[in-house]
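First the structure, in the form of structure tokens, and then the observations on it.
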Amino acid sequence: TRVTDGKTPAVASYADVIEGAQKAVVSVYSKKIVRERITLDPFLRQFFGNIPDRERREEQEGLGSGVIVSPDGYILTNNHVVEGADELKVSLTDDRELVAKVIGADPKTDIAVIKIEADKLPVLTLADSDTIRVGDVVFAVGNPLGVGQTVTMGIVSAKGRSVGILEDVSGYESFIQTDAAINMGNSGGALIDAQGRLIGINSAILSPSRGNIGIGFAVPVNLAAAVMHSLIETGSVARGYLGVQSQTLTPDDAEALGLPRETKGVTVTDVTPDTPADKAGLQLGDVILRVNDKAVGGLQDLRVYIAQMAPGSKVTLTISRDGKERVLDVTLGKLDERPNELLDGVDAAPLSPESRRRLGIPARYDGLIITKVDDRSPYAGRLVPDLLILQIDREDVKTVAEARQLLTRGRHMLFVYYRGVGRIVTVNVQ
């Protein structure tokens with residue numbers, strides 16, 4: 001609805017915009033079963049005999065929101081809404097409640113995709129989140145605190161925010177900040193623009209009281225969509241890889257490199273040999289100014305831009321070298337997010353002099369040392385920390401990459417050294 005004084009029309013209501021968007025936002029209910037084994041103290045067993053262990057079972061319930069992005073039931077939400085859930089249900093605005101399954105999740109962006117079995121569902125149109133501006137009117141739609149679907153209004157307060165929310169998983173942060181009221185339960189819901197298009201997935205708030213104080217954050221839809229497509233197609237996320245170490249350009253660094261102090265970008269501090277960056281001709285001291293047509297304001301911008309592109313993507317880097325701009329074409333590689341992962345739940349590393357001294361390993365032995373084994377790993381019963389792998393199927397191994405190439409699906413024989421004894425261990429790779 002518009003009201004006018006004959007000069008500039010003013011918007012008196014956004015009801016027409018909101019009405020359509022509300023139908024595509026759902027409530028997500030999760031249930032997690034936590035099991036805890038209770039063991040009688042060995043001292044007490046002396047008096048009460050061999051009493052078997054008991055298991056305590058507790059159900060934890062969670063609430064979040066989600067956004068329908070396809071008529072056949074794909075829904076965007078947050079990873080932290082569905083993480084660890086044993087059961088998921090989705091409540092639609094027409095009062096239907098349907099069981100949902102997780103298609104894939106990405107902790108590094110806090111994005112997940114779930115699916116319900118339904119068709120002809122209402123969907124939200126995806127906007128181009130790169131085009132939003134600070135001051136644009138936005139609306140947050142979701143189910144805060146379980147009160148039912150709620151719409152709040154605000155503006156885009158900032159773009160490209162990195163506030164350390166995903167720091168513990170080395171995540172990719174480029175949040176849209178908004179003062180539209182976001183509370184617990186809004187997570188996974190929609191941040192829409194004044195045309196009713198999806199521009200972000202509401203993800204987090206900053207607050208000393210755990211309630212809204214006008215500082216909320218949403219994952220930009222361009223980043224969320226890139227993750228979503230990868231999760232739907234493969235069940236995992238494949239990120240682009242450049243192959244440089246870099247740091248945000250400071251005014252003093254810019255001046256030292258012959259650039260205006262106000263120049264924004266990142267300085268290349270190292271180029272890994274035989275990587276896309278090396279092959280494209282990037283050099284130590286180059287300043288990356290733009291990726292395609294996007295300005296690079298700092299290190300986090302570069303990480304996000306490259307990571308949200310698929311391996312094999314061709315990108316154009318605008319750089320400054322010796323004070324002059326140049327353009328380099330790069331074909332991105334694939335980022336290895338778990339460089340130390342040997343097998344599912346098993347991490348390893350080349351044997352270091354420190355580990356050799358600590359474990360008393362003779363000089364004639366070399367190979368890969370197991371550094372970590374998750375209790376839930378299917379190999380936890382056969383591989384343990386500090387076990388040294390000498391050979392796999394009679395092949396010497398000194399790097400994790402070499403070992404992973406050998407450990408194809410099937411049965412393998414490992415020559416190992418552990419606690420002063422050499423032995424053979426077999427593993428069946430699933």
Side-chain angles (χ1 to χ4, degrees), residues 21-36 56-124 126 140-150 165-166 169 171 182-191 198 200-205 210 217-219 221 223-237 344 376:
Q22 282 182 293
K23 296 176 182 178
V25 178
V26 301
S27 296
V28 180
Y29 300 92
S30 65
K31 183 180 292 184
K32 182 189 300 184
I33 300 173
V34 180
R35 296 178 175 86
E36 181 183 4
R56 183 166 63 190
R57 186 175 182 273
E58 178 186 353
E59 288 188 357
Q60 297 178 352
E61 295 185 348
L63 169 68
S65 303
V67 183
I68 303 172
V69 291
S70 74
D72 58 345
Y74 284 100
I75 295 171
L76 261 178
T77 186
N78 284 144
N79 171 67
H80 76 260
V81 169
V82 303
E83 188 175 23
D86 294 293
E87 182 181 316
L88 283 175
K89 289 185 178 179
V90 167
S91 178
L92 307 180
T93 54
D94 61 10
D95 295 329
R96 280 186 292 171
E97 191 172 89
L98 302 173
V99 174
K101 65 177 181 179
V102 177
I103 299 300
D106 180 37
K108 289 182 178 291
T109 54
D110 197 23
I111 289 296
V113 178
I114 62 177
K115 190 174 189 304
I116 56 177
E117 293 304 319
D119 55 18
K120 298 181 180 179
L121 295 171
V123 301
L124 271 180
L126 275 56
V141 188
N143 184 2
L145 305 172
V147 300
Q149 193 178 88
T150 302
I165 296 170
L166 303 176
V169 292
I182 295 173
N183 287 287
M184 295 177 65
N186 272 113
S187 291
L191 189 70
L198 183 67
I201 299 296
N202 298 320
S203 185
I205 60 174
R210 302 188 71 190
F217 301 98
V219 180
V221 73
L223 177 57
V227 172
M228 174 186 70
H229 291 308
S230 188
L231 289 175
I232 291 174
E233 292 168 10
T234 68
S236 61
V237 181
D344 185 17
R376 296 166 295 182

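Scanning all heavy atoms of the two residues, the minimum distance from Ala140 to Ile182 falls at CB-CG1, 4.1 Å. Between Ala118 and Leu98, the shortest heavy-atom contact is CB-CD1, 4.0 Å. For the pair Val25 and Thr93, the tightest heavy-atom approach, listed with the atom from each and the gap, is O-CG2, 3.7 Å. When all heavy atoms of Leu231 and Asp106 are compared, the closest pair comes out as CD1-N, 4.5 Å. Across all their heavy atoms, Val123 and Ser70 have their closest contact at CG1-C, 3.4 Å.
Under the salt bridge (Lys or Arg N to Asp or Glu O under 4.0 Å) criterion, the residue pairs touching residues 21-31 are Lys31-Glu59, with sequence neighbours excluded. Screening residues 182-191 for side-chain hydrogen bond (donor to acceptor under 3.5 Å, both in side chains) gives His80-Ser187 as the qualifying pairs, with residues at least two apart or on separate chains.
Val26 has its side chain out of reach of Thr77: every pair of non-hydrogen atoms, C-beta onward, lies at least 4.5 Å apart. In this structure, Asp72 and Leu121 have side chains that are not in contact, with every pair of non-hydrogen atoms separated by 4.5 Å or more. The shortest side-chain heavy-atom distance between Val227 and Val219 does not fall under the 4.5 Å cut-off. In this structure, the side chains of Ile116 and Ile114 stay at 4.5 Å or more apart for every pair of heavy atoms. Two residues are said to be in side-chain contact when any heavy atoms from C-beta on lie closer than 4.5 Å; Leu166 and Lys108 fail this criterion.
Between the side chain of Asn202 and the main chain of Ala190, a donor-acceptor pair closer than 3.5 Å is present. Checked by atom type and distance alone, the side chain of Ser203 never pairs as donor or acceptor with a backbone atom of Ile201 at under 3.5 Å. Asn143 places no side-chain N or O within donor-acceptor distance of the main-chain N or O of Ser65, the cut-off being under 3.5 Å.
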Inset, instruction - For the pair Asp86 and Lys32, evaluate side-chain contact (heavy atoms from CB on, under 4.5 Å) and give the outcome as yes or no after the intermediate values. - result: CA-CA 5 Å; Asp86 294 293; Lys32 182 189 300 184; 4.0 Å; yes
Legend entry - Leu63/Tyr29 under side-chain contact (heavy atoms from CB on, under 4.5 Å): CA gap, chis, key distance, verdict: CA-CA 5 Å; Leu63 169 68; Tyr29 300 92; 3.5 Å; yes
Legend entry - side-chain contact (heavy atoms from CB on, under 4.5 Å) between Val69 and Val113, intermediate numbers included: CA-CA 10 Å; Val69 291; Val113 178; over 6 Å; no
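Between the CG atom of Leu124 and the CG atom of Leu191 there is a distance of 11.0 Å, given to the nearest 0.5 Å. The structure places CD1 of Ile68 at 14.0 Å from OH of Tyr74, a figure rounded to the nearest 0.5 Å. Atom CG of Asp344 is separated from atom CZ of Arg376 by 9.5 Å, given to the nearest 0.5 angstrom.
Asp94 meets the salt bridge (Lys or Arg N to Asp or Glu O under 4.0 Å) test with Arg96; sequence neighbours excluded. Among residues two or more places apart in sequence or in another chain, the salt bridge (Lys or Arg N to Asp or Glu O under 4.0 Å) test is passed with Glu117 by Lys115. Residues satisfying the side chain to side chain contact (heavy atoms under 4.5 Å, CB included) test with Ala105, not counting sequence neighbours, are Asn79, Ala112. Shown here are the salt bridge (Lys or Arg N to Asp or Glu O under 4.0 Å) partners of Glu233, two or more places apart in sequence or in another chain: there are none.
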